[in-house]
Amino acid sequence: MARLTEETKTRNEAAIRAAMERILSGNLPPGGKTDLKTLAALAGVTRTGFYPKTNRDGTTRPGAYQHLAEEFERRLRELRDAGEILDPRVAQIERLKKHNAELRRRISTRDEQLTELSDFKTLAISRLGPIPLL
């Protein structure tokens with residue numbers, strides 16, 4: 001595999017930073033998540049640059065963009081700790097859970113009303129006298 005030139009690396013880092021800002025602002029592509037895979041896809045780089053490499057002698061060296069991956073994960077963790085939900089799918093799941101709970105409550109209330117009305121109907125019919133035939 002060819003080595004990265006400084007110009008290519010600088011251009012890729014700028015693309016990664018732009019993609020990072022886009023993701024952290026909540027602007028995700030369809031099907032995307034707040035993760036390194038989506039970051040790499042948006043930036044147009046391979047995600048292998050985000051991870052450390054092993055040299056032939058067994059020593060490790062940082063990936064070309066590992067510092068950016070660490071920055072992304074740190075900023076993501078800070079935003080999550082602050083209570084901001086960045087992943088629209090997570091927000092949608094939370095919204096649907098609340099909506100589901102509200103619907104269950106409404107169904108329970110309606111079931112109670114139907115039971116009361118049915119009991120009232122039975123009581124009202126039992127109090128009616130025989131109807132004379134003409």
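These numbers were taken from a predicted model, which means no experiment stands behind them.
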(message) Measuring only between side-chain heavy atoms, which start at C-beta, is Gln66 closer than 4.5 Å to Pro52?
(response) yes
(request) Write down the atom of Ala43, the atom of Ala19, and the distance for their closest heavy-atom approach. (result) N-CB, 3.9 Å
(request) First locate atom CZ of Arg77, then atom CZ of Phe72, and finally report the distance between them rounded to the nearest 0.5 Å. (result) 11.5 Å
(request) Might you point out which heavy atoms bring Arg22 and Ser25 nearest each other, and give the distance in Å? (result) O-OG, 2.8 Å
(request) Verify the distance criterion only: is there a donor paired with an acceptor across the side chains of Asp111 and Ser108 at less than 3.5 Å? (result) no
(message) For Glu7, is the CD atom crowded, meaning more than 12 foreign heavy atoms sit under 6.0 Å from it?
(response) no
(request) Applying side chain to side chain donor-acceptor pair (under 3.5 Å), name anything that partners Glu21, two or more places apart in sequence or on another chain. (result) Arg75
(message) As a test of understanding, state which of Ile16, Thr46, Thr48, Leu39 forms a side-chain contact (heavy atoms from CB on, under 4.5 Å) with Tyr65.
(response) Ile16
(request) Ignoring hydrogens and angles, tell me if any N or O in the side chain of Thr38 forms a donor-acceptor pair with the backbone of Thr34 under 3.5 Å. (result) no
(message) Can you see whether Asp57 engages Thr59 through a side-chain donor-acceptor pair at a distance of less than 3.5 angstrom?
(response) yes
(message) Nearest 0.5 angstrom please: Asn12 CG to Thr5 OG1, how far?
(response) 8.5 Å
(message) I'd like to check the salt bridge (Lys or Arg N to Asp or Glu O under 4.0 Å) partners of Arg104; sequence neighbours left out, ordered by chain and number.
(response) none
(message) Could you measure the distance from the CD atom of Glu70 to the CZ atom of Arg74? Nearest 0.5 Å is fine.
(response) 10.0 Å
(request) Compare every heavy atom of Lys33 with every heavy atom of Leu28, then report the nearest pair and how far apart it is. (result) CD2-O, 3.6 Å
(request) Using modelled atom types only, decide if a donor and an acceptor are shared between the side chain of Lys53 and the backbone of Tyr51 within a distance under 3.5 Å. (result) yes
Using distance only, find each side-chain donor-acceptor pair of residues 116-128 under 3.5 Å and give its atom names and separation, not counting sequence neighbours.
unit_1 : atom_1 : unit_2 : atom_2 : d
Thr122 : OG1    : Ser118 : O      : 3.0
Ser126 : OG     : Thr122 : O      : 3.4
Ser126 : OG     : Leu123 : O      : 2.7

(request) Rounded to the nearest 0.5 Å, what's the gap from CZ on Arg105 to CZ on Arg110? Could you check? (result) 9.5 Å
(message) Donor-acceptor pair, distance only, cut-off 3.5 Å: does the side chain of Arg47 make one with the backbone of Lys37?
(response) no
(message) One thing to verify: whether Lys98 and Glu102 come together as a salt bridge, which I'm taking to mean a side-chain N less than 4.0 angstrom from a carboxylate O.
(response) no
